[in-house]
S.K.: 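This is the structure, below, for whatever I ask next.
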Amino acid sequence: MKNIDIRPYTRQFYRGNGWRIGLALVQTALLTATNLMVAWLIQQILDLMAGENTGFTLPQLAWLTLASAGALVLTFACGYFSRPKLIAKGIGQYQEFVFRQLTQKSLSAFSGEGTSLYISALSNDAASIETGYLANFLHLLDQTVLLIGALVMMFWYSPALAALSVALSLLPIGASLLAGNRAAEAEKQVSDRNEAYISTLRDSLVGFSVIKSFRAEAQMCRIFARKVKEVAKAKEKRKKITVLIQLLSELASTVVQFGVFLVGAYLALSGRGVTVGTVLVFVQLLNYVLNPISLIPNYLAEQKAAKALIRKLAGAIATNVRQEGTVEKHTLTSGIVLEDLSFAYEADKPVLEGINFTFQAGKRYAIVGASGSGKSTLLHLLMAAYPGYQGGIYLDGTELREINSEALYEIISVVQQNVFIFNASIRDNITMFASFPKAEVDRAIALSGLSKLIEERGEDYRCGENGSGLSGGERQRISIARSLLKKAQVLLVDEATAALDAQTAYQVSSAILDLPELTSIVVTHSLDEALLKRYDCILTLKNGRIAEAGSFPELMEKKGYFYSLYTVSQ
């Protein structure tokens, strides 16, 4: 995990923010100069009051004081016009970059991964990163420059006192840096616990009907309460470490302060060239040293914790990413050829073995077989969901792994059993928020059988969360319309009608078969004679192999494995 490069992520904080960073640097320089000027003015005024020859008159010092006030106004103006926008734009670009990286994951990514990690990363973790990394970058800049400036001025006034201050300052910095590792681990634990909490919350809401029907409310309440306690305990541990770091810093700062006071008093009383004004200005400068010493370790610990969160996310995003091919292929003229295709999710447990078949362009195919025969896996392989197959999948002679994703998904589209519908209008769900000519949208609506729904509710009807305002058949028709609108040449249908009633299932299946100029490959559990007769070929799988292939009359005449499946289903 430590070897993961997070620079592409952290660069997003600064991209396009150059002039704002420059203005923030100007503010830092002005702020340091103004604070040191105030300390110097205090020393000059006090020594003048004590009768020392400072080389300045009181009116001159008054004018310099007014100039310092003006510089302070300019300082805060620089901060006003740079820092808020710098932070807002930086974290926004970071979140957008993360989301773009998520879209590069393979089609099957979230079947093996949970979404809670990413939801947490783009909400709670992003807030922690905004404060712990981005905002602290500016705070560290301010405090470090102020610390250096104050030390330079202290050495100019009294090298002995300054050397003592530097030596004593190493104590809080060292202690806090040691505690930084614990802070980073505590922040990661909060992230992990929050991820589990979000997962439980999501499952409880999505599976609410199951919880109610099985009267499992009490059990889920116990599980939810446990997750809440785990998050609270992790946050408590994080807070304790933060308090520990602050206590260490405060304790060491007190040691530094009293040490400098005592040595300063000794030098002043022994006549070592230290005036009253010098001792008192050290009080002011000491604040500019002690404050950064108490804050910098906290900022460093929080930055380290924020980097741990970024590294955790980067590691997760780096998994299940499709290795892009370079071939730009946008048409299918001949067909799809499977040569000795084999695949296994686990070693020595093949799901598909030695598949050889050709799907000719423009024809309609049904894939049938018992549960676990490899039907859905075959469709997933055609969509490039799993790259680790043996053998070959060729689109007009080009191996699937050589085709880049954008070109591949122009050729192939999929209609699944669980169609995701966005909480947006029917039109937006069909167009996927892109712009299309009205004639093309109307054609897709008509061919997918959505005309009646549009007449009744209109294109602007909001579908509800995950299509809660639509029936199962209407959701499937929207999925078909999406594929038609993007002009896919191959339509993969994976048990699309499994959850529908018989009449709706027949209507949706018939609508798919009516689609012109498409290569349709349909995994189906429904062995309806009228529909099966409309397929050019029926591919029958058994234990990951092709048992039979042919038209409905041919397979029925053979009275083989397909005949048995069909007979049992009637």
Side-chain angles (χ1 to χ4, degrees), residues 106-108 322-344 350-369 373-416 479-480 482-484 486-496 509 512-513 515-524 532 534-542 544-552 554-555:
S106 69
L107 200 68
S108 62
R322 183 180 186 240
Q323 298 299 315
E324 288 290 330
T326 57
V327 177
E328 293 280 347
K329 181 174 179 56
H330 300 281
T331 59
L332 184 76
T333 56
S334 177
I336 302 173
V337 177
L338 311 180
E339 289 187 1
D340 294 323
L341 181 64
S342 298
F343 178 75
V351 179
L352 295 173
E353 286 189 271
I355 302 292
N356 290 282
F357 193 77
T358 297
F359 297 102
Q360 296 181 26
K363 292 194 174 183
R364 297 167 177 80
Y365 297 86
I367 301 177
V368 301
S373 59
K375 304 186 297 297
S376 295
T377 298
L378 179 56
L379 251 62
H380 290 160
L381 292 178
L382 294 176
M383 280 294 288
Y386 306 111
Y389 55 83
Q390 296 179 341
I393 302 173
Y394 299 91
L395 279 67
D396 288 349
T398 303
E399 220 288 324
L400 183 69
R401 284 173 284 213
E402 297 177 3
I403 304 173
N404 70 26
S405 295
E406 186 174 347
L408 177 65
Y409 298 147
E410 282 186 18
I411 297 174
I412 300 178
S413 188
V414 63
V415 177
Q416 297 175 312
S479 182
I480 295 169
R482 289 172 179 170
S483 301
L484 290 171
K486 68 175 261 191
K487 298 180 180 177
Q489 298 166 58
V490 179
L491 185 64
L492 307 180
V493 184
D494 189 9
E495 301 277 14
S509 297
I512 292 171
L513 288 167
L515 298 176
E517 302 174 0
L518 269 180
T519 304
S520 301
I521 303 175
V522 181
V523 169
T524 179
L532 290 172
R534 297 180 62 185
Y535 289 101
D536 295 295
C537 182
I538 299 170
L539 193 63
T540 310
L541 295 184
K542 182 179 181 181
R545 296 179 178 273
I546 298 176
E548 294 174 305
S551 65
F552 180 78
E554 291 171 346
L555 294 178

S.K.: What pair of heavy atoms forms the shortest contact from Y386 to H380, and how long is it?
M.R.: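 The answer is CE1-CB, 3.7 Å.
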
S.K.: Shortest non-hydrogen contact from A366 to Y535?
M.R.: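 Answer, listing the atom of A366 first, then Y535: N-CD2, 3.6 Å.
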
S.K.: Out of curiosity, E402 CD to L408 CG, how far, rounded to the nearest 0.5 Å?
M.R.: 12.5 Å

S.K.: Does some side-chain heavy atom of K375 sit less than 4.5 Å from a side-chain heavy atom of E495?
M.R.: yes

S.K.: Is it true that a side-chain atom of S342 and a backbone atom of G354 form a donor plus acceptor pair closer than 3.5 Å?
M.R.: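 Yes; judged by distance alone, with no hydrogens or angles, the pair exists.
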
S.K.: For the residue pair L381 and L341, what are the closest heavy atoms and their distance?
M.R.: CD1-CD2, 4.0 Å

S.K.: Between CG of D494 and OG1 of T524, what distance do you get to the nearest 0.5 Å?
M.R.: 10.5 Å

S.K.: Heavy atoms only: give me the nearest E339-N356 pair and the separation to one decimal.
M.R.: CA-OD1, 3.4 Å

S.K.: For T331 versus Q489, what's the shortest heavy-atom pair and its separation?
M.R.: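 So the minimum-distance heavy-atom pair works out to CA-NE2, 3.3 Å.
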
S.K.: Do L379 and I367 come within less than 4.5 Å of each other through their side chains, counting heavy atoms only?
M.R.: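 With C-beta onward as the side chain, the pair touches.
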
S.K.: Checking the side chain of E399 only, and the main-chain atoms of I393 only, is there a donor and an acceptor separated by less than 3.5 Å?
M.R.: yes

S.K.: Can you check side chain to side chain contact (heavy atoms under 4.5 Å, CB included) on F552 and R534, steps first, answer last?
M.R.: CA-CA 8 Å; F552 180 78; R534 297 180 62 185; over 6 Å; no

S.K.: Under a 4.5 Å cut-off applied to non-hydrogen side-chain atoms, are L541 and I546 in contact?
M.R.: yes

S.K.: What is the distance from atom CD1 of I521 to atom SG of C537, rounded to the nearest 0.5 Å?
M.R.: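 One finds 10.5 Å between CD1 of I521 and SG of C537.
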
S.K.: Is there a side-chain contact between R364 and V522 in this structure, where contact means two heavy atoms from C-beta onward sitting under 4.5 Å apart?
M.R.: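 They are not in contact (no side-chain heavy atoms under 4.5 Å apart), so the answer is no.
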
S.K.: Sort out for me which residue in I336, V490, L491 forms a side chain to side chain contact (heavy atoms under 4.5 Å, CB included) with T519.
M.R.: V490

S.K.: For A344 and P350, work out which heavy atoms get closest and say how close.
M.R.: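 For A344 and P350, the tightest heavy-atom pair comes out as CB-CA, 3.7 Å.
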
S.K.: For residues L338 and L382, determine if any side-chain heavy atom of one lies less than 4.5 Å from a side-chain heavy atom of the other.
M.R.: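 They are in contact (side-chain heavy atoms under 4.5 Å apart), so the answer is yes.
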
S.K.: Do side-chain atoms of R401 reach the backbone of P387 as a donor and acceptor pair under 3.5 angstrom?
M.R.: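 Side chain of R401 to backbone of P387: a pair is present.
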
S.K.: Please round to the nearest 0.5 Å and tell me the distance separating atom CG of N404 and atom CD of E410.
M.R.: 8.5 Å

S.K.: Atom CG of D536 and atom OG of S551: how far apart are they, to the nearest 0.5 Å?
M.R.: 9.5 Å

S.K.: Is D396 reaching over with its side chain to a backbone N or O of S334, donor-acceptor style, under 3.5 angstrom?
M.R.: yes

S.K.: Measure the shortest side-chain to side-chain distance between L378 and F343 over non-hydrogen atoms and say whether it is less than 4.5 angstrom.
M.R.: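 They are not in side-chain contact.
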
S.K.: For the atom pair OG (S373) and NZ (K542), what is the distance rounded to the nearest 0.5 Å?
M.R.: 11.0 Å

S.K.: Any side-chain heavy atom of Y389 sitting closer than 4.5 Å to one from L400?
M.R.: yes

